[in-house]
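Each ligand, and each atom within it, is numbered from 1 in the order the structure gives. Please read all numbers here as calculations on a predicted model, not as lab measurements.
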Amino acid sequence: MIVQGRLLIDPDHPPELGWIEISPAEGDAPAMIKKIAFGEIPDDLAPPTFGGRDRLICPAFADAHFHVPQIDSAGCDGMPLLEWLDTVIFPAEAWWGKGGAIPSTRTAARRLVNQGTSLVAAYLTAHAQAAQESASFLAASTPLRFIAGRVAMDRCAPESLTGEDIARVSGTPTPSPIMPNLSKSPRHRVSVNPRFAISCTPELLAECGWALRDRPEVIVQTHLAETLPECARVRELFPNTPHYTAVYDEAGLLKPGALLAHAIHLSDEELTIIRARESIAVHCPSANLFLEAGLFDLGRTADEFGVSVALGTDVAAGVEIAMPRVARAMIEVAKALRMTRTGAAAARIKVPTPVEAWDMITRRNANLLGAPTCCRLEVGAEADLLVLRAPEGWFDEHLVGRIIYNWSSDLIETRVMNGQLVEPSSI
Ligand code: GUN
Ligand code: ZN
């Protein structure tokens, strides 16, 4: 397959006309970018399968935090986090265990692919069977590359969600594993997802930590310090632990690459620990605005403390499923934070440029998700790319900013994922 267009290889440089040759997937090996060249397609090669001289070719996007079962729950406004979980999210997730998993997984996959996302780190629910069905569907019926795992939770939620973990801890005969064998697909990497410290007893957190021992291939996903009332509740539930981060650290959950969603309300000591463990803060700006969780300080987290920061939608607290819109929210949140300060304090606030934001939703997120061959136009990279129809007037030094601020899935003419043309409606 040949894709032709202006190649957005490095967001810092204007894209030049060229073409990409893709070699198809073979067995477990993904479709790859075999060749990238600038200029016209040589006469002896087949004409382009996709794209065209006036099209823009860019990598597909990576989302570092997503809840598959919450795909239809966005927009239920007016509640703080803990009330929103009780009122909106736990009922939606309970429905999963009663046959809702496949329809909602299909919807989630369609919408992700529609917005150009090809790599996603996702939560399923606490139902081992439904989680297994969902992961099998994602692996067999969608082009997505995904990190996903069953959610572990054994308290402060309805029994329909906590029951499987309560039964296992108490040794009931049909235990549900912490980490069910969800799929054998090479495009799936399994994760252990203790929901957050409020939903998990110390015993369950320790069990999650044990499940991870000597399994470097397994990713940890959890939520950390999203809102102040949540942090206060964690202090009540873990009175003998110095701080929220230590709750996870003592359970052995802060592994390299652990994805810690939100990570807003953290002390210097906590950020130092996260840096030392090489865990990752996942910034979810759209979600943080929706729940009024707080204004994440990117400069403090990333530059001052050296913590790696990835970017996620956090659907459904995040009301945006499109990563370019989340990139825009990240820039806007940073600007809003800067407006709350004056003088030297304002100057210390880091506002990412559109180019930096674009890098985060493509190559950088993929690197942090342990997929260094994804979401980039490079020979040897996986063949997940988008053909965009961008207006001619956009092709200047502001191209990436124009795409981010004007994003609509209508910009996408063609989605190529795992080397194949994908129509979201066919998933
Ligand atoms: N904290 C614990 N669970 C959740 C969730 O589902 N969404 C968000 N935004 N925060 C959480
Ligand atoms: Zn979340």
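- Taking 4.0 Å as the cut-off between side-chain N and carboxylate O, R376 and D384 do not count as a salt-bridged pair.
- Atoms CZ and CD1, from R111 and I71 in turn, are 4.5 Å apart once rounded to the nearest 0.5 Å.
- Q115 places no side-chain N or O within 3.5 Å of a backbone atom of I321 that could act as its donor or acceptor partner.
- Among the heteroatoms counted here (N, O or S) of D314, OD1 is the one nearest to the Zn ion (ligand 2).
- Rounding to the nearest 0.5 Å gives a distance of 10.0 Å between OG of S160 and CD of E164.
- With a cut-off of 2.8 Å, the Zn ion (ligand 2) has no N, O or S atom of C284 in range.
- Under 3.5 Å, the side chains of Q221 and S191 contain a donor-acceptor pair of N or O atoms.
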Which pairs of N or O atoms, one from ligand 1 and one from the protein, are separated by less than 3.5 Å, and what is the distance for each pair?
from     : atom 1 : to   : atom 2 : distance (Å)
ligand 1 : 3 (N)  : R195 : NE     : 2.9
ligand 1 : 6 (O)  : Q70  : NE2    : 2.9
ligand 1 : 6 (O)  : R195 : NH2    : 2.7
ligand 1 : 9 (N)  : E226 : OE2    : 3.0
ligand 1 : 9 (N)  : D314 : OD2    : 2.8
ligand 1 : 10 (N) : E226 : OE1    : 2.7

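- Between NE2 of H223 and NE2 of H65, the angle at the Zn ion (ligand 2) works out to 100°, rounded to 10 degrees.
- Residues Y244 and H265 keep their aromatic ring centres 6.0 Å or farther apart.
- The distance between the ring centers of Y123 and H223 falls below 6.0 angstrom.
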